[in-house]
Amino acid sequence: MSEDNYVPSSKFGKWFNDRLPLLTLSAHLREYPTPKNLNYWWTFGGILTFCLIAQIVTGVVLGMHYVAHADMAFDSVEHIMRDVNYGWLLRYIHANGASMFFLAVYIHIFRALFYGSYKSPREVIWIIGMLIYILMMATAFMGYVLPWGQMSFWGATVITNLFSAIPLVGESITTWLWGGYAVDNPTLTRFFSLHYFLPFIILGLVILHIWALHIPGNNNPIGIEIKKPSKDTVPFHPYITAKDLFALMLFLIIFSGFIFFSPNILGHPDNYIPANPMITPSHIVPEWYLLPFYAILRSVPDKLGGVLLLFASLFILIALPWLDRSKVRSAIFRPIYKNFFWLLILDVLVLGYMGAMPAEGTYLLIARIATAYYFLHFLVILPFLSSVEKTDPVPISISEPVLK
Amino acid sequence: MDKSGKKDRRDFLFTASYTVGAIGLGATAWPLIHQMNPDRSVKALATTEVDLSQIQPGKSITVLWRGKPVFIKRRTEGEISEAKSVKLEELKHPEKDEDRVKKEEWLVMLGVCTHLGCVPLSDKGEYNGWFCPCHGSHYDTSGRIRKGPAPTNMEIPKYEFVDNNTIKIG
Amino acid sequence: MKTYIFKNNFIIGFFLTFLFCSSNLYGSDTKLIKVDWSFNGITGKFDRSSLQRGYQVYNEVCSSCHSMRLLSYRNLGEKGGPEFSIEQVKAIASNFEVQDGPNEEGEMFVRPGRPSDKFVSPYPNVQAASAANGGSYPPDMSVLVKARKGGADYIYSLLMGYDNSPEGFELEEGVHYNKYMDGNKIKMAKPLSEGSVTYADGTKATETQMAKDVTTFLAWAAEPHLEARHKTGVRVIIFLIVLTILVYLSMKRLWSRIDSEQ
């Protein structure tokens, strides 16, 4: 790689770089050869990095005013909203930022699904990405508990109760998680500690995720291997940085729309009611980004069965590189897979919608069908297509289809 | 000729983008910084009313205001004349006693040593006023620094007499 | 072509299902009374006089049972709210007795309220409030508008929604019929009737007027920074649009080098 030859221009730069090669790293990142045909679905990695930093910064600042005690948590959030300078802004950025973070991560994941970015040699990038996703869900779940509203409390109760389904040790694990005999103050304080902590683990995994990416280099919309560097690539800076920045600007406009004009639309009104262990809300629902998993969980009448199926739904995603063995990466050249891709999106949307509905009657039936179809897609359809699908001819280079 | 014109337009565009971007970053940074400033509930508690009717001549009380001690002393005739008679040239921080009090019988000042912030002890020291045990600063009956490392006189907070027996500090 | 059909069909199908089912999400199915609140929309603002009247309704009617413990009297004078003058705020606060202490003898005592004090609650705690109201807790109103689906429209509809129960509808002792309450049963008796309050500014105190004013007041109480939020939002989005255009043009300018090298 050309950056091995990088020599800093200043004497101090040379001295420092010899001891800690940050300038070499910076040169590598600037020159990193990126396919020039990347479309806007590729901008979400940069958007996600922004979201992580925004959540950490607003989170740390909110943590200066929030009080993690069951008797004071709800009031401390209102204190932030009413009295802290710009507190209302910081809180709404953080709460809506979580939703934007998940919106971006779902687009990012579905991009990978469509263009085969999880396929060899990028399996480890994919697995690290799945770990990041799981930690994001854990962090978001615990964060939602902190305001100590009705949904905070009861969502925590429902999800922590799941662990009691584990045979033999389930009850002990649940008590251990709670720090008591029900969700209460000890649960809140430890969730605050972990909610503050996990994003830094996520940050470390993001660095590994990008490092692992830089070994083979980016995938691209037509999914072919391209020589790096070549006339098919551009240096990351300024071409990709500028494009990522533009996409980020559009993202920020949408984000601002929520913050300033509909800051509570993605939330649940019940979370503005202080937690009450004696009264259960009529419908306990998690935040929208967890709804598909909630639907899968509730589609099984058996408690342990639901938990196992929930973990299975994540695990088969992790196993995707080995379930889909098609030699062709990009769905652009996989006409049959493409349709099943869209069906999967529809299925996930249906699951999400059912997650918001009571788990009874027609809703439950549809949730079960959608759950079954989800597993069918990964366990049956994909492996089947790997061997049977007649793919379209794949171009030899990026410039070739243009010349035709 | 054409190329340099194009270059100027390009540079202007990039410069404009960077500038507007920098403004945006600054505007974003401000709330993050300002949130650490005192919030509304803290600022609302910024005034305290004190009842003076129980204080005997020669005695003082200490009240908490904005998290710090405030000395309120009802001075005797002797202490007042002593304070007034000091020549300004003798003072490290020249201030007339009349400028430090609203009613000369009442001395209201922040009980915080201007050296490094300890609370001076009353009725101690060589000048009949206060003595700070931390590094040996001596204050007189007007709370002015007379000896020791403190650079300025003890601070007089903003206060006013609501009536003859009550002051409002802050 | 096939993909195009698939993609668009699912999008249409999904949204039709969503629209069909969305009213079932939670709460009563009855359509709420929609009011064109002054604080609705991107440039929404509170009507100051309505807020002041609303405070009067809260104070004279609601506060005997409903607390508002997250508000302070000084909020009544702050920008974006009823904006009473400092003197008015001090006068309002001093009407209330606030518990303070312990004093130097170790005893709690009572003193007149100050602007920095929180709103005094009618009951010392939730249990006392429930016990005094037939076992039902009159909810604290600080964030009530945000705590109910439908927000201000719901609160207004509820206040206007008292009616005779339909034929055969069973109502227990002390329970009233309301068109908009979940399950149509509510323990609170109809709180507002014509002339319940004599407005200080002389406005006629009809039921709809009082309901509108107190709902506006409650909407402010739940979102005191709404006006600042809207104002900042307009500025932020305009700024972002300008910056987006600049970044877009810069990006295009940069990439023209690549495209021209083909």
Side-chain angles (χ1 to χ4, degrees), chain A residues 46-47 49-67 72 74-97 100 237-256 259-260 263, chain B residues 1-50 63-70 110 112 116-117 155 157-160 168-170:
Chain A
I47 288 172
T49 310
F50 170 82
C51 284
L52 178 61
I53 294 171
Q55 289 300 94
I56 289 177
V57 167
T58 52
V60 165
V61 144
L62 285 168
M64 294 182 182
H65 304 274
Y66 170 74
V67 180
M72 296 182 67
F74 188 91
D75 289 7
S76 75
V77 172
E78 279 302 308
H79 163 70
I80 289 169
M81 294 293 288
R82 291 166 192 277
D83 292 329
V84 172
N85 301 318
Y86 293 106
W88 57 269
L89 178 61
L90 297 166
R91 195 275 176 107
Y92 279 150
I93 292 176
H94 197 75
N96 287 286
M100 297 305 287
H237 181 73
Y239 299 98
I240 307 298
T241 45
K243 192 166 181 177
D244 274 358
L245 194 60
F246 171 61
L248 179 63
M249 292 286 110
L250 294 174
F251 181 82
L252 285 177
I253 292 174
I254 298 172
F255 191 4
S256 300
I259 295 167
F260 293 101
Chain B
M1 213 43 99
D2 186 57
K3 233 186 162 191
S4 69
K6 264 193 137 151
K7 191 175 179 299
D8 289 337
R9 275 213 313 269
R10 176 177 70 206
D11 285 344
F12 172 74
L13 178 58
F14 293 157
T15 312
S17 302
Y18 285 135
T19 309
V20 175
I23 294 171
L25 280 172
T28 308
W30 173 243
L32 295 169
I33 295 169
H34 190 42
Q35 55 81 23
M36 280 172 71
N37 272 328
D39 63 51
R40 286 193 192 182
S41 59
V42 163
K43 291 203 276 207
L45 292 174
T47 61
T48 300
E49 281 187 13
V50 186
V63 293
L64 197 64
W65 174 73
R66 292 190 182 176
K68 288 180 278 208
V70 173
L110 267 170
V112 176
L116 289 172
E155 191 185 324
K158 175 170 162 267
Y159 71 97
E160 60 181 17
K168 187 175 89 168
I169 312 176

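Reckoned from all heavy atoms, side chains included, excluding hydrogens, waters and symmetry mates. Chain letters run A, B, ... following the sequence lines, proteins first, then strands; residues in each count from 1. Everything quoted here is computed from the prediction, not taken from an experiment.
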Sub-4.5 Å side-chain heavy-atom contact between [X] and [Y]:
X       : Y       : answer
A:Arg82 : B:Arg40 : no
A:Leu90 : B:Leu32 : yes
A:His79 : B:Asp39 : yes

**OP:** Check A:Asn85 against B:Pro38 and note the closest heavy-atom contact, atom names and distance.
**Re:** ND2-O, 3.3 Å
Original post:
Within a radius of less than 6.0 Å around CE of B:Met36, do more than 12 heavy atoms belonging to other residues, nucleotides or ligands occur?
Top reply: no
Original post:
When rounded to the nearest 0.5 angstrom, what distance separates OH in A:Tyr86 from CD1 in B:Ile33?
Top reply: 11.5 Å
